[in-house]
Q: 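Could you have a look at this structure, given as structure tokens, before my questions?
Values below: all heavy atoms of this structure, side chains included; hydrogens, waters and symmetry mates excluded. Everything numeric here is computed off the predicted structure, so don't read it as measured data.
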Amino acid sequence: KQEVTQIPAALSVPEGENLVLNCSFTDSAIYNLQWFRQDPGKGLTSLLLIQSSQREQTSGRLNASLDKSSGRSTLYIAASQPGDSATYLCAVTSYSGNTPLVFGKGTRLSVIA
Amino acid sequence: GAGVSQSPSNKVTEKGKDVELRCDPISGHTALYWYRQSLGQGLEFLIYFQGNSAPDKSGLPSDRFSAERTGGSVSTLTIQRTQQEDSAVYLCASSLGTGPTNYGYTFGSGTRLTVV
């Protein structure tokens, strides 16, 4: 059974700092990995989608890497801003077309002005 | 529509009552997913539909939970005889399909269910 773990569970940083969020998964046979953002009381917003054949994806100040063989992904946020404060969720789609996303419990990020 | 729409956004119900949660996916999205997010917990998969069919119902937590989808569009999640442990945010997502391609998932804002 696929399990996804995110470390740390919570993180507080001063504005402007670069930071890394970690995600690990137990079954390396995945199709893709997605990072989502969730604001309080809101749904999930997809940030980056990495296919299993890819090593990284970038969008603005966000960069996500994938090391499928070791079961790890990182989300790098450059020059953090207070507006980045949210919960960041990692999710994988395992090697079956009918398997939904399996989520980690998220990292709650606070960026202090 | 432009996004995934869920209703109601909030629902408070008495223990033992039945509730219906609705999800209206993005037009043309054939796959629809229901997840539950309890306080302090990760997202728990409940059920998904490909068209009107639900190939995998193993995530439903008990026989009090059921879901249907009609016309390949709107889906309803029904919880009968609600219990306090059913209190959670119920999230719906849709995607173009369930194949292992570059299909993104679009989530709705969720229904916050509180059983008192």
Q: Same hydrophobic cluster for A/L19 and A/W35, using side-chain heavy-atom links shorter than 4.5 Å among ILVMFWY?
A: yes
Q: Return each pair, listed once, that meets side-chain hydrogen bond (donor to acceptor under 3.5 Å, both in side chains) where at least one residue sits in residues 60-70 of chain B; pairs must be two or more places apart or across chains.
A: B/R64-B/D86
Q: Is there a chain of hydrophobic side chains (I, L, V, M, F, W, Y, each step under 4.5 Å between heavy atoms) that links B/V19 to B/L77?
A: yes
Q: With a 4.5 Å limit on heavy-atom distance, are the side chains of B/V89 and A/Q38 in contact?
A: no
Q: Between B/F45 and A/V102, is any pair of side-chain heavy atoms under 4.5 Å apart?
A: no
Q: Apply side chain to side chain contact (heavy atoms under 4.5 Å, CB included) to A/S69 and list each qualifying residue two or more places apart in sequence or on a separate chain.
A: A/D67
Q: Within this structure, what is the CZ-CD distance for the pair A/F103 and B/E44, rounded to the nearest 0.5 Å?
A: 12.5 Å
Q: Are A/L62 and A/L66 connected in the hydrophobic side-chain network, where two residues link if heavy atoms are under 4.5 Å apart?
A: yes
Q: Name the residue from B/Y105, B/Y35, B/F107 that meets the side-chain contact (heavy atoms from CB on, under 4.5 Å) definition with A/L44.
A: B/F107
Q: Just list the side-chain donor-acceptor pairs under 3.5 Å for residues 5-15 of chain B, sequence neighbours left out, or say none.
A:
unit_1	atom_1	unit_2	atom_2	d
B/Q6	OE1	B/C92	N	2.9
B/Q6	OE1	B/G110	N	3.0
B/Q6	NE2	B/Y90	O	2.9

Q: Side chain from CB out, backbone as N, CA, C, O: work out which of these in B/L43 comes under 4.5 Å of a heavy atom of chain A, or both, or neither.
A: both
Q: Determine, using the 4.5 Å side-chain heavy-atom cutoff (strictly less than), whether A/V13 and A/L47 are members of one ILVMFWY cluster.
A: yes
Q: Taking heavy atoms only and a threshold strictly under 4.5 Å, list by residue number the residues of residues 104-113 of chain A that touch chain B; give 'none' if the list is empty.
A: A/G104, A/K105
Q: Are B/L21 and B/F65 connected in the hydrophobic side-chain network, where two residues link if heavy atoms are under 4.5 Å apart?
A: yes
